[in-house]
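Read through the structure below, which is laid out as structure tokens, and then see the notes.
When reading the values below, keep in mind they use all heavy atoms of this one structure, side chains included, and skip hydrogens, waters and symmetry mates. For ligands, and for the atoms within them, numbers begin at 1 and follow the listed sequence.
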Amino acid sequence: MNFKLRTMTVEDIPQAMQLKDAAGWNQTTTDWARFLSASPERCFVAEYRGDIIGTSATIIYEGRFAWIGMVIVDKQYRGQGIGTALLERAISFLDSQRVPTMKLDATPQGKPLYEKFGFISEYEIERWMLNRTAKENALKNGPTSIEDVLLIDREVFGADRSGLLRSLAQEAPHLTLVDQQDGKITGYSFGRLGSRADHMGPWVAHNEDVAERLLNLFLLRSSRELIFVDCLRLNPWAVPLVKARGFELSRPLIRMFRGTNTYAGQIRLLCASLGPEFG
Ligand SMILES: CC(C)(COP(=O)(O)OP(=O)(O)OC[C@H]1O[C@@H](n2cnc3c(N)ncnc32)[C@H](O)[C@@H]1OP(=O)(O)O)[C@@H](O)C(=O)NCCC(=O)NCCS
């Protein structure tokens, strides 16, 4: 099949949105713009007869590791090597930048593709979903400052992603939550206004009480019918807390990495990730 691989531009966003909508994913045009502004020249499309039939996106976090996301191929063109070619392009680009580690959250469908390229599993993540009655919510205020949170997040995540988190806080200040005790930050969470659901993450807590307070507040602040959260299986509080509030298991994800995983972050504090596309 004679498809062309090239760098993605903002003009490709509407067609890329159609692809991810067909896959039932939750990203918005703002998310695509986040990729393109954080990583110009680092996102790729497969084009066939003038149409975008596949995408892959990368973000380099501080040169410590890179994230690969948005690997999607149009259903009617799957199984013909396009996914492999898009991933190959992303990996060879990152290799050319001498990025030591590549990470991603794989769907069960994507896992065999990544294993072919030497990605190995790190831990399990589960997407949990709450379906409830939408409600009015006039609250639009957020925390006065997130600067200290951004410093802590660098340790928790393993690299600086402050640009991304600032943009989340700007878009959804009412879903940007900071838990403090005696003047010390004990947890925080961010939220994204997805195309289908409000998405809670990252969700970071020092103990179960903090985790619970943040979750309760998020559910109070969000007005959406659908809520997503990508919980780490190895976190002892996250899954029981969401289950107790009526969330249902939506799908498993596998965090994978390729290379040396030097900056693994502080996983024990992480109840939920930001999301499979960003880490
Ligand atoms: C995962 C996805 C991107 C693969 O794209 P693709 O163009 O079909 O991939 P390829 O044709 O390059 O195949 C890659 C590998 O996937 C697997 N695969 C592809 N089609 C398959 C099929 N019909 N049955 C079983 N395995 C299949 C194979 O392991 C294949 O390896 P091979 O070359 O050794 O056979 C595509 O299925 C997709 O868009 N899925 C929905 C979105 C998604 O889950 N993306 C992954 C996010 S982590």
Side-chain angles (χ1 to χ4, degrees), residues 1-6 8 12-28 31-32 34-35 39 42-49 51-59 61 65-94 99 101-129 192 194-197 199 201 228-233 249-259 261 272-279:
M1 201 187 143
N2 213 4
F3 63 91
K4 185 173 101 183
L5 282 186
R6 63 168 173 80
M8 184 176 180
D12 298 319
I13 291 179
Q15 278 204 50
M17 280 296 283
Q18 286 174 17
L19 270 186
K20 77 90 212 164
D21 282 341
W25 289 6
N26 192 38
Q27 294 82 7
T28 58
D31 288 318
W32 280 112
R34 284 184 176 118
F35 274 111
S39 308
R42 291 171 184 173
C43 302
F44 308 99
V45 294
E47 190 182 309
Y48 181 61
R49 295 182 174 165
D51 288 330
I52 304 301
I53 58 164
T55 55
S56 64
T58 70
I59 295 189
Y61 291 117
F65 52 83
W67 214 265
I68 300 179
M70 304 311 292
V71 180
I72 316 176
V73 172
D74 186 328
K75 210 167 191 168
Q76 61 171 310
Y77 298 108
R78 286 181 194 164
Q80 300 181 59
I82 299 166
T84 304
L86 281 160
L87 184 62
E88 231 163 16
R89 178 69 181 259
I91 291 173
S92 66
F93 167 75
L94 294 171
V99 178
T101 310
M102 297 172 204
K103 299 183 111 176
L104 52 84
D105 290 342
T107 59
Q109 211 171 9
K111 191 170 176 256
L113 174 60
Y114 302 122
E115 280 171 339
K116 264 198 330 193
F117 285 90
F119 280 83
I120 55 172
S121 302
E122 186 179 1
Y123 53 80
E124 292 170 42
I125 294 178
E126 284 176 351
R127 164 142 318 165
W128 287 76
M129 186 174 91
R192 244 184 316 159
S195 61
R196 298 178 56 209
H199 189 152
F228 291 164
V229 58
D230 292 324
C231 298
L232 271 68
R233 274 284 351 165
L249 181 61
S250 167
R251 62 181 160 112
L253 292 160
I254 307 104
R255 172 136 318 175
M256 304 181 88
F257 69 95
R258 181 180 189 266
N261 193 19
S273 68
L274 200 170
E277 63 288 77
F278 292 118

Taking [atom] as the reference point, report whether a protein heavy atom occurs under 4.0 Å from it.
atom                    : value
atom 25 (C) of ligand 1 : no
atom 36 (C) of ligand 1 : yes
atom 47 (C) of ligand 1 : yes
atom 2 (C) of ligand 1  : no

Task: Any side-chain heavy-atom pair of E122 and M256 under 4.5 Å - done: no

Task: Side-chain touch T107/R251, heavy atoms, less than 4.5 angstrom - done: yes

Identity and distance of the protein heavy atom lying nearest [atom]:
atom                    : result
atom 19 (C) of ligand 1 : G79 CA, 4.2 Å
atom 45 (N) of ligand 1 : V71 O, 2.8 Å
atom 44 (O) of ligand 1 : T107 OG1, 2.7 Å
atom 28 (C) of ligand 1 : P112 CB, 4.8 Å
atom 13 (O) of ligand 1 : T84 OG1, 3.8 Å

Open item on the list: Salt bridge or not between R6 and D12? Use side-chain N to carboxylate O under 4.0 Å.
Closed with: yes

What do you reckon, does [X] have a nitrogen or oxygen under 3.5 Å from a nitrogen or oxygen of ligand 1?
X   : result
G83 : yes
G81 : yes
V73 : yes

- [ ] Please verify whether a non-hydrogen atom of A106 lies at under 4.0 Å from ligand 1.
- [x] yes

TODO: Assess L104 for proximity to ligand 1: is some non-hydrogen atom of it under 4.0 Å away?
DONE: no

Closest approach of [X] to [Y] (non-hydrogen atoms, all atoms of both residues):
X    : Y    : value
W128 : C231 : CD1-SG, 4.1 Å
P276 : D105 : CA-OD2, 3.5 Å
F35  : T58  : CD2-O, 4.4 Å
A197 : N26  : N-OD1, 2.8 Å
L19  : V73  : CD2-C, 4.4 Å
G194 : T28  : C-CG2, 3.7 Å

TODO: Please work out which of K116, R78, Q109, K20 has its closest non-hydrogen atom nearest to atom 33 (O) of ligand 1.
DONE: K116

Task: Option nearest atom 42 (C) of ligand 1 (shortest heavy-atom distance, choices W25, Y114, Y77) - done: W25

Using a 4.0 Å cut-off to any heavy atom of [X], which atoms of ligand 1 qualify?
X    : value
D105 : 48 (S)
I82  : 7 (O), 12 (O)
L113 : 14 (C)
I72  : 39 (O)

Open item on the list: We want to know whether K103 and N261 form a side-chain donor-acceptor pair, criterion being a heavy-atom distance below 3.5 angstrom.
Closed with: yes

TODO: Ignoring hydrogens and angles, state whether a donor on the side chain of T55 or K20 is under 3.5 Å from an acceptor on the partner side chain.
DONE: no

TODO: Would you indicate whether E115, at its atom CD, is surrounded by more than 12 heavy atoms from other residues, nucleotides or ligands within a distance under 6.0 Å?
DONE: yes

